[in-house]
Amino acid sequence: MSLSGQKTTNLDAVVVGAGFSGLYMLYRLREAGFSTRVYEAGGDVGGVWYWNRYPGARCDSDSVHYCYTFSDELLQEWTWSSRYPEQPEILRYLNFVADKFNLRPDIQFNTRVKSAHYDEESSRWQIETEDGARVSAKYFITGVGCISTANIPKVKGLETFQGQWYHTGRWPHEKVDFTGKRVGVVGTGSSGVQSIPVIAQQAGHLTVFQRTPQYTVPARNHPYDPEFVEKTKANYPEIKQQLRESFGGLLVDSQEKSALEDTPEQRDRVYEAAWEKGGFGFAFSYTDLTLDEEANKTAADFVRAKIREIVKDPETVEKLSPTYYYGTKRPILDTNYYETYNRDNVSLVDVRKTPIVEITPTGLRTTEGEYELDVLVFATGYDGMTGTLFNIDIRSKDGVPLKEKWADGAETRTYLGIATAGFPNLFMITGPESPSVLSNMPVSIEQHVEWISDCIEYLRDHGIETIEPKVEAEEAWSRHCREVADATLYVKTDSWYTGANIAGKARRFPIYLGGVGPYRHICDEVAAKGYEGFSLSMCN
Ligand code: NAP
């Protein structure tokens, strides 16, 4: 049922975001007969793949697994060109999905949701968009992504810069030409590591401003051969099941043992094979790489040795060698990243040692000196996990802003990473305290979307007006989430996972590390027990 042309003031559901999450949520709810509208700030579908158009942007889960699996027809109709396709191909895929399922009529583009307040009297969400339009909906569902609010460092003088500057997550639609230019890239996370080798090929000179050196492993992207594609398509039912039951929503070769059970020679062979194969397999080489310091050091030492082998200049090797626990920041995959520092037109500045002081009209100044630049690229990441949710003024039945409920120091946040007490009929797709960014996102998104739409159908079929977590269930989930994280090395590293990249943000680890498969079973069990841990209120 399309809403075009209909009155839109009273909807069953409002969904925010038209990326992987929002598109599938719309499809499911519409199929179940719910009037649904998606609001999307961008000009078209795609979510992160709409915004992240920087050079070198590509996915780093195998594309045959980084896709929807809910439609057999879609799995058969779409063919990925390569293991890690570039952003335009992924965006084409999401457009294909939107067209195939005729989703656009129910998506309002170029519209940012400003606020969503729960009105207890009507048991409805009152939603306002930035253009002043108001709608009311029984269910309010966020599909805003976990890393969509750009972090642009508040560096003195940026407004005076006379060249062009960009953030990787807000890249212009027009081609940015670096030919012959003096380019600076600030940041060496996944976005920096993907873009630096590509920009280096065009720029006159590229200066990389690095605060924390990174471990990265070769992606080894390659075109798929038709036989592999055919076999994969034939095996999708089995692959789908394996992805759903897996730890990270990925299919990787992993040794089900500690790194310390192998001799150094055996370990080297395992790491070398994973390095040669490329991809996330390296991070899963052993079960305890993110659990045990000694095991972790074996992987870290291997990558540091690779840096020494690849990079020619010893001073650059020193600067590029990471010291944090391997894998506790998001593992990165690259194509010729370390090799890029052997180019004559690339230099590396350690801004931990010589911090950035200001941006000048003609470049960037550190405590050491000024670097003249024509173009400045901020690959400085995001206010992750909560930033985008907090940008919407979401208020509880008691008028409490979500931001306040989750204020710094609050230990309790969500039940299952899907819902939060005090906010009836609010659902968060891949919300904080679910596996989200530590999983292959489409797998986790599908799981949440299906759980949420099944839940909403259950409510309708049982004459239930509202659903809301019980405080004690939420406390237990948040505690469980924290205990699982505290047993790992993740919590010992400053990263965007912990909020350490945003000045003043409370440090916590809002990602469930119990694994995608086990997490799915927990959620399914909650549903099977009539939504155990939730309060349900009947329609009058
Ligand atoms: P990121 O991982 O947060 O990296 C940001 C980089 O900027 C870090 O090197 C950080 O240094 C640096 N930085 C931040 N503020 C700075 C400042 N004021 N001065 C100097 N340096 C500063 O961000 P990202 O690379 O955009 O990646 C974010 C996430 O998006 C990834 O972890 C991944 O989950 C996702 N992503 C995925 C893909 C993919 O699938 N292929 C591609 C891109 C991004 P510190 O480390 O010292 O904070």
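Each ligand, and each atom within it, is numbered from 1 in the order the structure gives. All residue numbers in this chain count up from 1 along the given sequence. Since we're looking at a predicted model, the values are computed, not measured.
Residue Ile147 approaches ligand 1 through these ligand atoms, each under 4.0 Å from one of its heavy atoms: 29 (C), 30 (O), 34 (O), 35 (C). In the vicinity of Tyr54, heavy-atom distances shorter than 4.0 Å reach the ligand 1 atoms 42 (C), 43 (C). For ligand 1, the atoms closer than 4.0 angstrom to any heavy atom of Val186 are 20 (C), 21 (N). Residue contact check: Arg58 has heavy atoms under 4.0 Å from atoms 39 (C), 40 (O), 41 (N) of ligand 1. Within ligand 1, counting atoms from 1 as listed, the ones closer than 4.0 Å to a heavy atom of Lys329 are 45 (P), 46 (O). Within ligand 1, counting atoms from 1 as listed, the ones closer than 4.0 Å to a heavy atom of Thr188 are 6 (C), 8 (C), 9 (O).
Between Tyr286 and Tyr271, the two ring planes are perpendicular [angle over 60°; tilted spans 30° to 60°]. Between Trp171 and Tyr166, the angle of the ring planes lies from 30° to 60°, which puts this pair in the tilted group.
A salt bridge between Glu309 and Arg304 is absent, with no side-chain N of the basic residue lying under 4.0 Å from a carboxylate O of the acidic one. Note on Lys297 versus Asp301: salt bridge recorded, some NZ/NE/NH1/NH2 to OD/OE distance being below 4.0 Å.
For Ser82 and His222, the side-chain atoms include no donor-acceptor pair closer than 3.5 Å. Side-chain contact annotation: Asp383 with Thr149, donor-acceptor N/O pair under 3.5 Å absent. Gln214 and Tyr324 are linked by a side-chain donor-acceptor pair at a separation below 3.5 angstrom, with hydrogens and angles left out of the test. In summary, the side chains of Tyr50 and Glu40 do not present any donor paired with an acceptor at a separation below 3.5 Å, with no hydrogens or angles considered. Using modelled atom types, one finds no donor on one side chain facing an acceptor on the other under 3.5 Å when comparing Thr380 with Asn151.
Surrounding NZ of Lys100 are more than 12 heavy atoms belonging to other residues, nucleotides or ligands, all under 6.0 Å away. Atom CD of Glu77 has more than 12 neighbouring heavy atoms from other residues, nucleotides or ligands inside a 6.0 Å radius.
Of the protein's non-hydrogen atoms, the one nearest atom 6 (C) of ligand 1 is Ala379 O, 3.3 Å. Looking only at protein heavy atoms, the nearest one to atom 12 (C) of ligand 1 is Gly187 CA, 3.7 Å. Considering only non-hydrogen protein atoms, atom 23 (O) of ligand 1 sits nearest to Gly381 CA, 3.1 Å. Of the protein's non-hydrogen atoms, Gly189 CA, 3.5 Å is the one closest to atom 4 (O) of ligand 1. The nearest heavy-atom contact from the protein to atom 28 (C) of ligand 1 is Trp496 NE1, 3.7 Å. With respect to atom 36 (N) of ligand 1, the closest heavy atom belonging to the protein is Ser190 CB, 3.9 Å. Of all protein heavy atoms, the one closest to atom 37 (C) of ligand 1 is Arg330 NH2, 3.6 Å.
In this structure, Arg330 is not positioned above the aromatic face of Trp496 in the sense of NZ or CZ being under 6.0 Å from the six-membered ring centre and within 45° of the axis.
Between the choices His167, Arg211, Gln87, Gln194, the shortest heavy-atom distance to atom 10 (C) of ligand 1 belongs to Arg211. Nearest-residue assignment for atom 25 (O) of ligand 1 (options Cys59, Ser436, Ala500, Ser191; heavy-atom criterion): Ser191. Between atom 47 (O) of ligand 1 and the options Val185, Asn501, Val437, Thr212, the minimum heavy-atom separation is to Thr212.
Contacts of Phe209 with ligand 1, taken as heavy-atom pairs under 4.0 Å, are absent altogether. With a heavy-atom cut-off of 4.0 Å, Ala57 does not touch ligand 1 at all.
Using a 4.0 angstrom heavy-atom cutoff, Arg352 counts as in contact with ligand 1.
With rounding to the nearest 0.5 Å, the separation of CZ in Arg83 from NE2 in His65 is 10.0 Å.
For ligand 1, one of its N or O atoms has an N or O atom of Asp60 under 3.5 Å away. Considering both main-chain and side-chain atoms, Ile356 never comes within under 3.5 Å of ligand 1 through any nitrogen or oxygen pair.
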